[in-house]
Amino acid sequence: SQQGEEDPQALSIQEGENATMNCSYKTSINNLQWYRQNSGRGLVHLILIRSNEREKHSGRLRVTLDTSKKSSSLLITASRAADTASYFCAYAGGTSYGKLTFGQGTILTVHP
Amino acid sequence: SAVISQKPSRDICQRGTSLTIQCQVDSQVTMMFWYRQQPGQSLTLIATANQGSEATYESGFVIDKFPISRPNLTFSTLTVSNLSPEDSSIYLCSVVEGINQPQHFGDGTRLSIL
């Protein structure tokens with residue numbers, strides 16, 4: 001299946017700043033999920049947003065979804081050095097129940 | 001959420017051999033999947049592991065190269081056969097417990113081929 005697109009590919013910020021990552025996709029979706037991956041380890045699930053939802057929050061994370069533009073964004077507020085990781089969006093579309101298509105990922109570096 | 005144990009966490013294998021990766025879940029789950037992450041890249045779905053029947057493979061992946069078993073609702077194996085350097089990747093299993101539920105991943109198996 002075709003990969004989603006994420007931008008930026010890499011983001012470098014200072015501690016305390018906000019980080020925004022964007023994801024675009026090309027099909028109808030049931031939900032969109034965001035993951036974090038530290039140094040090639042397993043994926044940590046961050047947030048799932050359903051196609052009928054527009055915004056979700058979890059701690060310092062805020063996810064938005066615009067199905068008319070087929071796009072989503074992940075905002076990390078007040079970033080910390082420990083947030084340094086790769087972030088991926090992934091979506092399950094149409095009848096592809098559970099089959100995730102991943103974005104290319106954003107490498108976030110937070111400098112102390 | 002389900003706790004997923006994936007073994008081995010890493011391995012170094014010789015060309016032409018095979019490696020079997022195990023994925024154990026602490027509860028019965030509806031769907032299990034296997035993904036591959038090539039170096040520096042994103043994840044690609046290999047197949048859906050179907051309980052009691054043949055796996056469903058995505059385009060570009062074939063059963064002879066990636067045989068998968070799922071004997072019950074808590075366990076699956078992925079074998080990567082006839083290994084070549086191009087198979088050096090991280091292989092991850094994942095589970096999802098229902099429609100519009102989060103999909104959770106194991107810690108992955110990092111495979112290197114000599």
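Keep in mind that this is a model prediction, so the values were computed, not measured. Lettering follows sequence order; numbering is per chain, from 1.
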J.: So for T30(B), is it side chain, backbone, both, or neither that comes closer than 4.5 Å to the heavy atoms of chain A?
T.: side chain
J.: Applying a strict under-4.5 Å side-chain criterion to I, L, V, M, F, W and Y, I'd like to know whether I13(A) and M21(A) cluster together.
T.: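 They do share one cluster, since a chain of ILVMFWY contacts under 4.5 Å joins I13(A) to M21(A).
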J.: Taking atom CD1 of I12(B) as the centre, report whether more than 12 heavy atoms of other residues, nucleotides or ligands fall under 6.0 Å from it.
T.: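 Open.
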J.: What distance do T48(B) atom OG1 and K99(A) atom NZ have between them, rounded to the nearest 0.5 Å?
T.: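 Going from OG1 on T48(B) over to NZ on K99(A), the span is 4.5 Å.
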J.: So L43(B) and L43(A), do their side chains get closer than 4.5 Å, heavy atoms only?
T.: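 Sidechains of L43(B) and L43(A): in contact.
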J.: Is there a continuous path of hydrophobic side-chain contacts, each under 4.5 Å between heavy atoms, that joins I4(B) to F88(A)?
T.: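 The answer is no; the residues belong to distinct hydrophobic clusters.
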J.: Going only through I, L, V, M, F, W and Y residues with side-chain contacts under 4.5 Å, is there a path from Y87(A) to L11(A)?
T.: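 Yes; tracing contacts between hydrophobic side chains, which count when under 4.5 Å, links both residues.
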J.: Using a 4.5 Å heavy-atom cutoff, which residues in residues 46-74 of chain A come close to chain B?
T.: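 So the qualifying residues are L48(A), R50(A).
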J.: Establish whether L32(A) and I76(A) are linked, either directly or via other cluster members, by ILVMFWY side-chain heavy-atom contacts under 4.5 Å.
T.: yes
J.: Under a 3.5 Å distance rule, please check whether Y35(B) uses its side chain to pair with a backbone N or O of L100(A) as donor and acceptor.
T.: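 Yes: the side chain of Y35(B) pairs with the backbone of L100(A).
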J.: Less than 4.5 Å apart, any side-chain heavy atom of Y35(A) and any of H104(B)?
T.: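 Contact flag for Y35(A)/H104(B) side chains = no.
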J.: If you count heavy-atom pairs under 4.5 Å with chain A, which of M31(B), Q6(B), Q103(B) comes out on top?
T.: Q103(B)
J.: Evaluate the side-chain proximity of N30(A) to I99(B): yes if any heavy-atom separation is below 4.5 Å, no if none is.
T.: no
J.: Following the transitive rule for hydrophobic clusters with a side-chain heavy-atom cut-off under 4.5 Å over Ile, Leu, Val, Met, Phe, Trp and Tyr, establish whether L19(B) and Y91(B) coincide in one cluster.
T.: yes
J.: Taking atom OG of S42(B) and atom CD of Q37(A), what is their separation to the nearest 0.5 Å?
T.: 8.5 Å
J.: Is I107(A) atom CD1 crowded by more than 12 heavy atoms from other residues, nucleotides or ligands, each under 6.0 Å away?
T.: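 Result for CD1/I107(A): open.
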J.: Any luck finding a side-chain donor-acceptor pair between Q41(B) and Q104(A) under 3.5 Å?
T.: no
J.: Has Q33(A) got a side-chain atom pairing as donor or acceptor with P102(B)'s backbone, closer than 3.5 angstrom?
T.: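 Side chain of Q33(A) to backbone of P102(B), a donor-acceptor pair under 3.5 Å: no, none is there.
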